[in-house]
Amino acid sequence: MNGLHELFCTLLHAYNKRHWWPAKTPFEMMVGAILTQNTTWTNVGKAIANFGDRLSPAFIAHVNCDELAQIIRSSGYYNQKAIKLKALTEWYGKYEYTIEKAAHIDGELLRTELLSVKGIGRETADSILLYALHKPFFVIDTYTKRILSRLGYDIPTAYDDLRLKIEASLPRDVYLYNEFHALIVEHAKRHCKKKPSCAGCPVETVCQKRI
DNA sequence: GTCCCGACTA
DNA sequence: TAGTCCGGAC
């Protein structure tokens, strides 16, 4: 895919560094990755805040599912997500709730593990790999597909086909992947929405405006 | 009513 | 591949 690095530079110039992921700890990041599935971040923020000082693996491991569901109610799909947080925490326990111990494992192996956890699909797995474990996997979300599609790129149907295509077009660099995805999210929120608002868009001159 | 940084089930 | 899960902001 030609021009991806130029796109990165344009977005970086337009929006500046994003300093992602917005979370105080790696575990909070992983919890946020589950809670934000098909949900606005403002609703996730309310759920995170509802934990108070209880946002720890030990708490989630021991609290009952109904109480956990009520804590995260604002994030939607709360019954499903309560089960997912339990499953995530159980996986994390394999590494004694220590991100350094998990990060010691090979990235591809970790990805396979994460994908076997109930509630963690490809996008969520890659988010966790990139933002909590600092492994170079490019995160594909609806924003990424929408923006690249409107810019005229041919988007493969399968998630991993697109991911590998993008990764092959960029230096395999955790910092670059981190910042790029953050910029994509910012661009999607500011301009490249489902109903686009193109006034002031930094890539308007090269956009195909395919809806 | 629409939309939101998806994933599972059948 | 469609149906389901689900609240909250707009």
Side-chain angles (χ1 to χ4, degrees), chain A residues 7-8 11-12 15 17-23 26-51 65-91 111-133 135 137-151 155-163 166-167 174 176-198 211:
Chain A
L7 174 62
F8 171 74
L11 295 178
L12 182 61
Y15 303 122
K17 295 179 182 178
R18 299 282 91 206
H19 306 293
W20 263 35
W21 181 291
F27 184 67
E28 183 179 310
M29 182 276 141
M30 296 192 283
V31 168
I34 299 284
L35 295 184
T36 198
Q37 289 171 1
N38 205 31
T39 303
T40 57
W41 187 258
T42 57
N43 287 345
V44 175
K46 293 172 187 296
I48 298 282
N50 259 340
F51 277 101
C65 231
D66 289 336
E67 186 178 343
L68 181 57
Q70 286 313 307
I71 293 171
I72 62 172
R73 191 170 195 280
S74 67
S75 69
Y77 311 118
Y78 48 83
N79 288 316
Q80 300 295 321
K81 286 176 179 175
I83 295 170
K84 294 178 181 185
L85 290 185
K86 287 278 193 179
L88 167 74
T89 303
E90 188 178 349
W91 165 81
R111 191 170 195 264
T112 303
E113 278 190 13
L114 286 168
L115 289 176
S116 73
V117 175
K118 188 180 182 66
I120 298 183
R122 296 173 203 282
E123 182 189 335
T124 305
D126 289 337
S127 293
I128 291 172
L129 286 164
L130 182 61
Y131 289 103
L133 295 158
K135 303 289 185 181
F137 290 85
F138 200 93
V139 179
I140 312 289
D141 58 3
T142 54
Y143 292 162
T144 310
K145 284 187 262 191
R146 186 161 74 209
I147 290 169
L148 293 182
S149 174
R150 285 175 179 170
L151 287 175
I155 306 298
T157 308
Y159 179 100
D160 282 320
D161 288 345
L162 176 56
R163 178 176 65 83
I166 293 175
E167 290 177 357
V174 169
L176 174 63
Y177 290 4
N178 176 322
E179 198 62 49
F180 206 160
H181 179 65
L183 288 165
I184 283 171
V185 172
E186 184 66 17
H187 181 53
K189 287 182 183 303
R190 294 241 204 132
H191 293 287
C192 211
K193 298 178 277 194
K194 192 160 189 177
K195 288 186 66 173
S197 57
C198 301
I211 306 299

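For clarity, every value in this text was computed on a predicted model and none was experimentally measured. Computed over heavy atoms, backbone and side chain alike; hydrogens, waters and symmetry mates excluded. So that the names make sense, note that chain A is the first sequence line, chain B the second, and so on, each numbered from 1.
- Between A/Q37 atom CD and B/dC8 atom C1' the separation is 10 Å, expressed in whole Å.
- Across the C1' atoms, C/dT1 and B/dC4 are found 22 Å apart, a figure rounded to whole Å.
- Backbone-only contact: A/T142 has heavy atoms under 4.0 Å from sugar-phosphate atoms and none from a base.
- Rounded to whole angstrom, the span from the CD atom of A/Q80 across to the C1' atom of C/dC5 amounts to 5 Å.
- Using Watson-Crick or G-U wobble geometry with both donor-acceptor distances under 3.5 Å, C/dA2 finds its partner in B/dT9.
- When only modelled atom types and interatomic distance are considered, A/T39 and A/K81 share a side-chain donor-acceptor pair under 3.5 Å.
- A/N38 has its CG atom 9 Å from the C1' atom of B/dC3, to the nearest Å.
- A/I72 places its CD1 atom 21 Å from the P atom of B/dC4, with the value rounded to the nearest Å.
- In this structure, A/K46 reaches the sugar-phosphate backbone alone: every heavy-atom distance under 4.0 Å involves primed, P, OP1 or OP2 atoms, never a base.
- Base pairing annotation: C/dC10 forms a Watson-Crick or G-U wobble pair with B/dG1, both donor-acceptor distances under 3.5 Å.
- Under 4.0 Å is where a charged nitrogen must lie from a carboxylate oxygen, and between A/K86 and A/E90 no such pair does.
- The separation between A/K194 atom NZ and B/dG6 atom P is 11 Å, rounded to whole Å.
- Within the 4.0 Å cut-off from OP1 or OP2 of B/dC8, not a single side-chain nitrogen or oxygen of A/R122 is found.
- In this structure, A/D141 places its CG atom 11 Å from P of B/dC4, rounding to the nearest Å.
- Comparing A/I120 and A/T42 by the nucleotide of DNA chain B that holds the closest heavy atom to each, the one mapping nearer the 5' end is A/T42.
- Here A/K118 reaches the OP1 or OP2 of B/dT9: one of its side-chain N or O atoms lies under 4.0 Å away.
- Here A/Y78 lies in heavy-atom contact (under 4.0 Å) with sugar-phosphate atoms only.
- If you measure from atom CG of A/N79 to atom C1' of B/dA7, you get 15 Å, rounded to the nearest angstrom.
- Between A/L85 atom CG and B/dG6 atom P there is a gap of 16 Å when expressed in whole angstrom units.
- The pair A/E179-A/R18 does not count as a salt bridge, with every side-chain nitrogen at least 4.0 angstrom from each carboxylate oxygen.
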